[in-house]
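Notes for the one structure printed next.
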Amino acid sequence: MYKPLFNQRKALRFRQFKRKGYALFACLGRVVIIGVLSVATLTSASAATDNSNTTDETVDPQKIDKETTLDDVEVTGSCAPLALGQAVRMVTVLSREEIQAAPVQSINDLLKMAVGVDVRQRGPIGAQTDVSIRGGTSEQITILLNGISICDPQTGHNAFDLPCDISDIERIEVLEGPAGRVYGTSSLVGAINIVTSLPPSPSHGKGSKAEVRLEGGSFGYLSAAGRVALGLHSLSSNYTRSDGYSRSKAGSLNSDYSGGKVFYQGGYQCEGLLLNWSGGLSVKGFGSNTFYSAKFDEQYERTTKIYTALQGDLTIGKLHVRPAIYWNRSYDRFELIRGSEERVPFNYHRSDVFGINLNTYFDWQLGRTAMGAEFRNEDIVSTNLGEPLSDPFSHYKVGLNRSNLSFHLEHNILLKRFTLSAGFIAIKNTWNQMPFKLYPGIDASYRIGDHWKVYASYNSSLRMPSFTELYYSVGGHKADKYLKPEELHAVEGGVKYSNHWLTAQTSIFHHHARNMIDWVMDTRDPDAVWQSVNHTKVNTTGVETNATLTANRYTLNLAYCYLHQNKDEQDFLQSQYSLEYLRHKVTASLRWSITDYLRLSVSYRWQDRMGSYTTVDGEVRDYHPYSVVDARLDWHQDSYNVYLEGNNLTGHHYVDYGNVPQPGCWITAGYAKKF
């Protein structure tokens with residue numbers, strides 16, 4: 001009979017991702033609770049590596065806790081990996097299997113079923129999506145690729161310009177709540193880490209492999225992708241295009257999309273040393289119809305992102321050292337009137353981010369200690385963001401440069417059923433001569449028997465304003481270059497229950513935010529413009545609950561999130577971001593393995609957003625609740641996969657942002673082949 005073993009001391013053997021320092025949990029320096037999420041399942045698992053050298057080889061494999069279904073993933077306590085079952089923070093994990101079965105067209109779409117995540121889409125296929133967590137904004141989360149921050153200091157709108165294809169993804173990790181102890185700026189309300197899969201080592205007998213994917217569907221959608229792995233190296237690429245689902249008043253297509261990606265990663269391993277390096281390129285252009293202004297319905301944007309990173313993992317006795325160095329470059333060209341630079345000048349931006357960090361941990365008599373430091377430099381040259389350049393060039397007349405230096409320290413005390421992790425991060429930014437500021441945090445959990453766990457935490461963090469929030473003063477906008485950094489203090493408590501057929505958890509949290517940044521407009525003034533401002537204080541209280549039932553060939557998940565902010569939008573003050581939060585969000589998903597090879601996934605979400613928007617006719621309109629049903633039917637074999645999926649099957653018309661309607665029913669068919 002199946003029996004959860006929360007206290008099992010058996011060491012988990014991770015094959016592909018052993019000792020990978022870029023796992024989110026390897027960056028957090030704390031223990032976490034894992035939740036596996038997909039369109040069909042949102043389960044929870046306690047997961048961490050064993051801090052003991054002892055193993056129990058006599059354990060019945062049928063009795064191993066279902067946490068070990070993630071046995072290809074190192075889910076440790078970051079710089080301080082902790083023992084199995086010593087979990088504190090709540091993290092949602094989308095596994096590779098669930099990603100492959102999800103009815104989605106982009107990585108952004110995968111996050112829609114995470115009940116605490118708000119995915120606001122302006123355009124499909126990943127054209128532009130703003131992702132936020134627990135009532136925050138897209139500027140307030142850190143997006144990482146293999147543990148490396150790829151956030152663009154220009155704007156959060158481009159944060160999900162990922163250089164990798166969805167087939168490269170091994171898992172997605174979502175940390176809800178402040179993560180400032182490790183990530184510093186931007187991780188105000190959480191972090192999302194995209195972890196790619198490394199090719200297998202030839203020593204494992206797997207040699208090389210390749211795969212291709214071709215899919216097409218509604219609105220002229222077509223996507224082709226390929227990936228080849230040889231030894232410890234892999235290379236992938238894809239191309240995607242669509243005619244779009246809407247037209248301008250003049251009859252032109254204004255939501256079309258065309259883009260491609262190339263991603264390479266390699267590695268080297270010897271005794272006590274592991275090196276990983278990667279590089280990628282993302283290029284896309286898309287019709288922005290009414291993304292930024294309802295008065296102009298033929299906007300267009302083109303973005304390019306270049307990504308490079310080198311990471312290491314060195315073991316010297318009891319000391320573990322994990323260094324990393326990275327560089328990202330982003331280009332952004334925005335056309336208010338598509339192809340007509342003589343009528344309205346285009347906006348050009350180029351941003352560069354260089355960073356280097358070092359994380360270490362070691363064991364001693366009083367527990368496990370982690371420490372580290374990071375230096376990050378952010379630079380932008382632009383047509384309208386920043387101060388005048390001493391030597392203007394090309395399109396670039398203004399710019400800005402700032403550096404961030406941070407140090408973190410954390411200690412972990414592990415008892416039989418109780419875990420305590422406490423630490424802080426000290427941050428200094430050169431922008432506006434900001435001095436060193438300290439942001440502490442503490443997490444604790446207690447296991448009750450084999451099935452129950454209770455936990456509580458307090459964490460704090462900050463976020464520096466983006467360059468757009470500081471300087472974008474064109475096109476009906478007026479920015480304030482003296483904005484203050486946002487600060488957040490959060491407390492959270494929860495309980496989790498798990499057995500062989502049911503996993504359920506509930507958490508309650510409270511966020512106290514100061515100097516929250518938003519774009520607001522006074523609707524009483526006919527000549528009013530959008531202004532970037534600091535809201536003095538915003539308090540958010542929320543509840544998240546979810547349950548997953550597994551029986552035979554069925555997996556059913558139900559989840560609900562409720563948020564309340566004490567600073568609602570005033571009748572005459574319209575908010576563009578921070579006050580337009582999801583008051584209610586409900587998700588439900590069912591996964592049915594009809595046969596050994598045929599499976600059906602169905603997902604449903606309903607959400608109710610606070611806030612309002614102004615129509616083209618000047619009417620102030622509240623956001624209305626809406627629901628969406630997606631489904632995917634696929635025939636899955638070891639060497640190939642054929643699938644049919646539908647998004648928004650009911651054809652419901654809705655908006656995530658005012659004046660930007662989303663597509664109706666979208667049907668896609670595809671074929672994937674492995675060699």
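Only heavy atoms go into these numbers, but all of them, side chains included; no hydrogens, no water, no symmetry mates.
Going from atom CG of Leu175 over to atom OG1 of Thr142 covers 9.5 Å, rounded to the nearest 0.5 Å. How far OH of Tyr581 is from CE of Met610: 4.5 Å, rounded to the nearest 0.5 Å. Expressed to the nearest 0.5 Å, how far CD1 of Ile169 lies from CD1 of Ile194 amounts to 5.5 Å. Taking SG of Cys561 as the reference point, atom CD of Glu544 lies at 4.5 Å (rounded to 0.5 Å). In this structure, Asp480 CG and Asn534 CG are separated by 7.5 Å, a value rounded to the nearest 0.5 Å. Separation of atoms CZ (Arg417) and OG (Ser445) is listed at 11.5 Å; rounding is to 0.5 Å.
Side-chain atoms of Tyr554 and Trp592 include a donor-acceptor pair closer than 3.5 Å. Judged purely by distance below 3.5 Å, without hydrogens or angles, the side chains of Ser132 and Thr137 never pair a donor atom with an acceptor atom. Between the side chains of Thr290 and Asn659, not a single donor N or O lies within less than 3.5 Å of an accepting N or O. There is a side-chain donor-acceptor pair under 3.5 Å between His489 and Tyr458. Defined by atom type and a distance below 3.5 Å, a donor-acceptor pair is missing between the side-chain atoms of Asn193 and Asn146. With no hydrogens or angles considered, no side-chain donor-acceptor pair links Gln154 and Ser466 at under 3.5 Å. In summary, the side chains of Thr545 and Thr506 do present a donor paired with an acceptor at a separation below 3.5 Å, with no hydrogens or angles considered. Between the side chains of Asn499 and His451, not a single donor N or O lies within less than 3.5 Å of an accepting N or O. Defined by atom type and a distance below 3.5 Å, a donor-acceptor pair is present between the side-chain atoms of Asn412 and Ser421. For the residue pair His584 and Tyr560, a side-chain donor N or O sits within less than 3.5 Å of a side-chain acceptor on the partner.
We find that Arg171 and Glu173 are joined by a salt bridge, their nearest charged nitrogen and carboxylate oxygen being less than 4.0 Å apart. In summary, Arg591 and Glu97 do not engage in a salt bridge, as defined by a charged side-chain N under 4.0 Å from a carboxylate O.
Counting non-hydrogen atoms of neighbouring residues, nucleotides and ligands closer than 6.0 angstrom, the CG atom of Asp525 exceeds 12 such neighbours.
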>> If you apply the rule side chain to side chain donor-acceptor pair (under 3.5 Å), what do you find for Asn459 with Asp443, and how did you get there?
In response: CA-CA 8 Å; Asn459 284 283; Asp443 309 314; 3.0 Å; yes
>> Could you go through Asp622 and Ser612, starting from their C-alpha distance and side-chain angles, then the distance that decides it, and tell me whether this counts as side chain to side chain donor-acceptor pair (under 3.5 Å)?
In response: CA-CA 4 Å; Asp622 291 336; Ser612 61; 4.5 Å; no
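Legend: residues meeting side chain to side chain contact (heavy atoms under 4.5 Å, CB included) with Gln531, ordered by chain and number and at least two apart, are Lys478, Val529, Val533.
Taking each heavy atom of Leu488 and Pro178 in turn, the nearest pair found is CD2-CG, 3.8 Å. Heavy-atom minimum distance, Pro661 versus Val655: CA-CG1, 3.7 Å. Contact detail for Val629 and Tyr604: the closest heavy-atom pair is CG2-CD1, 3.7 Å. Across Ala588 and Leu558, no two heavy atoms sit closer than the pair CB-CD2, 3.6 Å. Nearest heavy-atom pair across Ala479 and Trp519 is CB-CH2, 3.9 Å. When every heavy atom of Glu645 is checked against every heavy atom of Val104, the shortest pair comes out as OE2-O, 3.2 Å.
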Could you list the donor-acceptor pairs under 3.5 angstrom formed between side-chain atoms of residues 114-126 and any protein atom two or more places apart in sequence or on another chain?
from   : atom 1 : to     : atom 2 : distance (Å)
Asp118 : OD1    : Arg609 : NH2    : 3.0
Asp118 : OD2    : Arg609 : NH1    : 2.8
Arg120 : NE     : Asp656 : O      : 3.1
Arg120 : NH1    : Glu580 : OE1    : 3.3
Arg120 : NH2    : Glu580 : OE1    : 2.8
Arg120 : NH2    : Tyr623 : OH     : 3.3
Arg120 : NH2    : Asp656 : O      : 2.8
Gln121 : OE1    : Lys112 : NZ     : 3.2
Gln121 : NE2    : Asp109 : OD1    : 3.2
Arg122 : NE     : Phe291 : O      : 3.3
Arg122 : NH1    : Gln128 : OE1    : 3.0
Arg122 : NH1    : Asp130 : OD2    : 3.4

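Taking the ring centre of Tyr643 as origin, the terminal cationic atom of Arg632 falls inside the region bounded by 6.0 Å and 45° from the ring axis. A cation-pi contact links Arg134 to Phe509, judged by a cut-off of 6.0 Å to the six-membered ring centre and 45° from its axis.
Taking the six-membered ring for Trp and the full ring otherwise, Tyr626 and His624 have centroids separated by 6.0 Å or more.
Partner of Glu487 under the salt bridge (Lys or Arg N to Asp or Glu O under 4.0 Å) criterion, chosen from Lys437, Arg463, Lys537: Lys437.
Using a 4.5 Å cut-off on side-chain heavy atoms (C-beta onward), Met516 and Leu188 make contact.
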